[in-house]
2 protein chains.
Amino acid sequence: MEENRVSIESCSCSIIHEDAVSKARNSMPEEETLYDLAELFKVFGDTTRIKILCALFESEMCVCDIAALLSMNQSAISHQLRVLKQASLVKYRKEGKVVYYSLDDEHVKQIFDQGLVHIRER
Amino acid sequence: MEENRVSIESCSCSIIHEDAVSKARNSMPEEETLYDLAELFKVFGDTTRIKILCALFESEMCVCDIAALLSMNQSAISHQLRVLKQASLVKYRKEGKVVYYSLDDEHVKQIFDQGLVHIRER
DNA sequence: TGAACACATAAACATATGTTCATATATAAT
DNA sequence: ATTATATATGAACATATGTTTATGTGTTCA
């Protein structure tokens, strides 16, 4: 349908399927939600952090344990734990000098497992 | 238990909980699996790509439609569609000059929704 | 045949990100 | 009090990443 073709400044091309575009536009969650969602997945999108989460599926661990497990230095792990903590993916408890980290959330594993399903099936 | 403390070169600290470390080590998936998983989530970890996927939940769309929807230029969208395609998250069909993209996978939405659950509950 | 269009892609660029190094903080032990 | 240890953090650095710009490719239509 020629009538549906509308020029948009930001894009040199014309909209071919205005119906599809407006349907998508209406169903789209808020900008902030999508931003937060991307930020969340970004946290999962690093090998070190994925390994840390994976390790914590088994039991809580202190920073040194994780560093030893992954053969990385303590600082790198500590930095990544901060990222995980900010994303509410891990929580911690202090016991003297030692800080024990554990999963903060029950559906962290569900996100993880859904990802696994995808990579196994392609 | 003092006997459990073992020095590791890569980490200046000593392992405090060798049992926890070895349990985690044994349950850890293969390195390659974890790498692929991180790569997958990395693809979800960008606002533009999240929006594209979100748009495709409704219906297939051509490149220009998506560019107009997101007020971005065609090239940027095309680059991101390539990333999504390489991750087996979208597929396409050609119809003359127009290339229609759609979701490749039924559990893309499940990963997306699991992420939503997390950000809504924190 | 040639112009217009939809899309792809390479190069360049600015920005974001992860690790390391050095150092600070807090607790425990001597 | 001093030392050792577990962790946190800021700065620096190298690398990765997303967007733009320019251009190439393939298809349609006049």
Side-chain angles (χ1 to χ4, degrees), chain A residues 2 4-17 20-21 35 38-39 41-52 60-68 70-87 90 92-101, chain B residues 2 5-17 20-21 35 38-39 41-52 60-68 70-87 90-101:
Chain A
E2 272 293 312
N4 276 347
R5 289 172 169 267
V6 182
S7 281
I8 293 287
E9 304 161 37
S10 56
C11 171
S12 63
C13 28
S14 49
I15 300 181
I16 300 181
H17 313 89
V21 172
Y35 177 82
E39 287 303 301
F41 286 123
K42 203 174 286 182
V43 175
F44 280 89
D46 174 78
T47 314
T48 301
R49 290 191 295 263
I50 278 283
K51 286 177 184 173
I52 293 175
E60 67 173 12
M61 284 200 196
C62 71
V63 180
C64 271
D65 290 340
I66 300 172
L70 304 188
S71 302
M72 292 177 66
N73 72 54
Q74 170 269 323
S75 178
I77 301 300
S78 191
H79 278 294
Q80 298 298 6
L81 283 168
R82 187 155 63 104
V83 175
L84 290 168
K85 197 171 58 186
Q86 281 170 343
V90 302
Y92 66 94
R93 68 181 180 86
K94 288 186 75 170
E95 196 170 288
K97 290 177 298 187
V98 182
V99 180
Y100 293 93
Y101 282 86
Chain B
E2 272 293 310
R5 290 172 168 267
V6 181
S7 281
I8 292 287
E9 305 161 36
S10 56
C11 172
S12 62
C13 28
S14 49
I15 302 181
I16 300 180
H17 313 91
V21 173
Y35 178 82
E39 288 301 303
F41 286 124
K42 201 174 288 181
V43 175
F44 280 89
D46 174 79
T47 312
T48 301
R49 288 191 295 263
I50 279 284
K51 286 177 184 172
I52 293 175
E60 67 173 12
M61 284 199 197
C62 71
V63 180
C64 272
D65 290 342
I66 300 172
L70 304 187
S71 301
M72 292 178 65
N73 73 53
Q74 171 268 321
S75 178
I77 300 300
S78 191
H79 277 295
Q80 298 298 7
L81 283 168
R82 187 154 63 103
V83 175
L84 291 167
K85 197 172 59 186
Q86 281 170 345
V90 303
K91 60 179 189 289
Y92 66 94
R93 69 180 179 87
K94 289 187 72 169
E95 196 170 287
K97 290 178 295 186
V98 182
V99 179
Y100 292 93
Y101 281 87

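Keep in mind that the numbers below use all heavy atoms, side chains included, and drop hydrogens, waters and symmetry copies. Naming convention: chains lettered A, B, ... in sequence-line order (proteins, then strands); numbering from 1 in each chain.
- Neither OP1 nor OP2 of C:dC7 sits under 4.0 Å from any side-chain N or O of B:K94.
- A:H79 does not qualify as a stacking partner of the C:dT19 base, lacking a centre-to-centre distance under 5.5 Å together with planes within 30°.
- The backbone N or O of B:A38 lies less than 3.5 Å from no partner atom in the side chain of A:R49, so there is not a single donor-acceptor pair.
- B:Y101 comes within contact range of the sugar-phosphate backbone alone, with a heavy-atom separation under 4.0 Å but no base atom that close.
- What separates NZ of A:K97 from P of C:dT27 is a distance of 12 Å, to the nearest Å.
- Regarding B:L81, its CG atom lies at a distance of 11 Å from the C1' atom of C:dA8, rounded to whole Å.
- Rounding to whole angstrom units, CG of residue B:L84 and C1' of C:dC7 are separated by 16 Å.
- We find that OH of B:Y100 is positioned 13 Å from C1' of D:dT27, with the value rounded to whole Å.
- Below 30°, between 30° and 60°, or above 60°: for A:Y92 and A:Y101 the angle between ring planes is between 30° and 60°, a tilted geometry.
- At whole-Å resolution of the value, OH in B:Y92 and P in C:dA6 are 19 Å apart.
- Atom P of nucleotide C:dG18 and atom CD of A:Q86 are separated by 12 Å, given to the nearest angstrom.
- Taking 4.5 Å as the limit, every side-chain heavy atom of A:M72 sits out of range of all side-chain heavy atoms of A:Q80.
- In this entry the distance linking CD of B:Q74 with P of D:dG24 reads 15 Å, nearest Å.
- Distance CD (B:Q80) to P (C:dT9): 14 Å, rounded to an integer number of Å.
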